[in-house]
Amino acid sequence: MQVETMDAPLLLPSAADCLRFERESFGALHQMLSGVEEGERERVWADIEAVLREYETEDGFVGPCELHVISGAR
């Protein structure tokens with residue numbers, strides 16, 4: 001078995017675009033927040049966006065991500 005690790009940053013125009021992508025695509029986040037009261041939920045999303053802003057650069061949002069490509073043969 002062979003494992004290759006590759007950088008695969010998430011590149012978007014802004015942290016707000018990343019938040020929109022996460023809100024529309026990540027069902028697991030919605031499940032985690034399902035126990036939070038609706039009014040509080042919006043505050044949590046705002047907190048998430050504030051943290052995502054730490055990954056904004058002059059070129060836009062660059063979210064760190066790695067892919068592990070695993071291959072093998074019998």
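Keep in mind it's a predicted model, so treat the numbers as computed, not measured.
Within the model, atoms SG of Cys65 and CG of Leu11 stand 10.5 Å from one another, a figure rounded to the nearest 0.5 Å. Here OG of Ser14 is found 7.5 Å from CD of Glu49. Values are rounded to the nearest 0.5 Å.
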* Asked: Checking side-chain contact (heavy atoms from CB on, under 4.5 Å) for the pair Glu22/Leu52: CA distance, chi angles, key distance, verdict?
  -> CA-CA 11 Å; Glu22 291 182 7; Leu52 290 174; 4.1 Å; yes
* Leu19 and Ile48: CA distance, side-chain angles, deciding distance, side-chain contact (heavy atoms from CB on, under 4.5 Å) verdict -> CA-CA 8 Å; Leu19 182 69; Ile48 291 170; 3.9 Å; yes
* I would like to know whether Thr5 and Leu67 meet side-chain contact (heavy atoms from CB on, under 4.5 Å); could you show each step before the answer? => CA-CA 6 Å; Thr5 301; Leu67 298 177; over 6 Å; no
* Stepwise side-chain contact (heavy atoms from CB on, under 4.5 Å) test for Val69 and Met6 -> CA-CA 8 Å; Val69 180; Met6 302 168 52; 3.7 Å; yes
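Applying side chain to side chain contact (heavy atoms under 4.5 Å, CB included) to Leu33 and the options Glu40, Arg41, Glu38 leaves one that passes, Arg41.
Annotation: side chain of Ser71 is not in contact with side chain of Met1 (no heavy-atom distance under 4.5 Å).
Salt-bridge annotation for Arg20 and Glu24: absent, with no side-chain N of the basic residue lying under 4.0 Å from a carboxylate O of the acidic one. Under a 4.0 Å N-O distance rule, the pair Arg23/Glu42 qualifies as a salt bridge.
When the side-chain contact (heavy atoms from CB on, under 4.5 Å) test is applied to Asp7, the partners found at least two apart in sequence or on another chain are Pro9, Glu66.
Aromatic ring orientation, Phe61 versus Tyr55: perpendicular (interplanar angle above 60°, classes split at 30° and 60°).
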